[in-house]
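Beneath this line is the structure, given in structure tokens, with notes to follow.
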Amino acid sequence: MNAGFDRRTGAQGRFPRLSRWLPGRRPRDRAAEAATAAAAADGREDLLLATAAAGLPLAPAAHPLGYGCSCDRVGCPTPARHPVSWAWQTQSTTDRAQVERWARHQPEANFITATGMTHDVLDVPREAGQEALERLLAAGAEVGPVTVTDGGPLTGEGRMMFFTLTRGTPEDEDEWWPCALDCHPETMDEHPGLRWHCRGSYVLVPPAVLPGEERVEWVRGPEHPLPDPLSLLEALTDACARHVGTAADAAVEAGDALDGRATRPSPR
């Protein structure tokens, strides 16, 4: 039999073993892998502790599980973007020891910060936020912490979030004033432009990870002082108006193009 493969032994006959000509596998450097994982965990914990130290109350949130959510809700509508506990408002804390325990015992968990306690968040489409941020910094305005997520096919359009002082806890409850921009987790889809997270809402904080490896990152860290929200509102509103107008124009142009294609006579 001239074949180079021995049916009885499963080995090659007179042909040289292929593995002889291939470079050997490098042994895994488990110590280096462990060191890298430990450094990542330390970096995550440091970011969360810095956020809590800045006075932003934190609570654990769900994390991605494949392209879904770690929670047990079938078809979770907000995968990896909601708190783990229904009691997140009372659970949220800035206590260093508690945040350390959460970070170490739940190494994959994202974290949210509850708004309307010590701070609010003005949440806008990413492109509008970038435009407003450049305008505000150029004007010398006080801008506090800012986060960004680029968005994608699984989570939609990216968002930029401006952290501010809160209007949510006035000493005199009669001074509380609602706003048409107020946004809650269950009403976010009703506010595609500017969203004001105040009482009863929350946002993710870095280094949160979303399905598809999208991330929430600091553009300006939590060490920056919180500004008055009204000092940012005009720039954010103007940028959102331009952003929405541009998006609407693009949609109209796309619709016109489709209409033209549909009504164009077919070639003979």
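Just so it is clear, the values below take in all heavy atoms, side chains as well, and ignore hydrogens, waters and symmetry mates. Predicted, not measured: the structure shown is a model, and the values here were computed from it.
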| query | Side-chain contact, heavy-atom cut-off 4.5 Å: Pro64 with Asn110? | reply | yes
| task | Check whether any side-chain heavy atom of Trp218 sits under 4.5 Å from a side-chain heavy atom of Leu47, and report yes or no. | result | yes
| task | Applying side chain to side chain contact (heavy atoms under 4.5 Å, CB included), name anything that partners Gln106, two or more places apart in sequence or on another chain. | result | Pro60, Trp102, Ala109
| query | Can you find a heavy atom in the side chain of Met160 that is under 4.5 Å from one in the side chain of Pro125? | reply | no
| remark: Residues passing the salt bridge (Lys or Arg N to Asp or Glu O under 4.0 Å) test with Arg135, sequence neighbours excluded, are Asp238
| Arg215 and side-chain contact (heavy atoms from CB on, under 4.5 Å): which partner among Thr147, Leu210, Val209, Val148? | Val209
| said: If the condition is side chain to side chain contact (heavy atoms under 4.5 Å, CB included), which residues does Glu142 pass it with, not counting sequence neighbours? | reply: Pro225, Pro227
| With sequence neighbours excluded, what pairs up with Arg220 under the salt bridge (Lys or Arg N to Asp or Glu O under 4.0 Å) test? | none
| said: My understanding is that only residues two or more places apart in sequence, or in another chain, count here; which of them pass salt bridge (Lys or Arg N to Asp or Glu O under 4.0 Å) with Glu127? | reply: none
| message | Has Thr94 got a side-chain atom pairing as donor or acceptor with Gly55's backbone, closer than 3.5 angstrom? | response | no
| query | Listed by chain and number, what are the side chain to side chain contact (heavy atoms under 4.5 Å, CB included) partners of Leu226, not counting sequence neighbours? | reply | His119, Pro145, Phe163, Leu165
| Single hit among Thr113, Asp123, Thr115, Asp120 for side-chain hydrogen bond (donor to acceptor under 3.5 Å, both in side chains) with His197 | Asp123
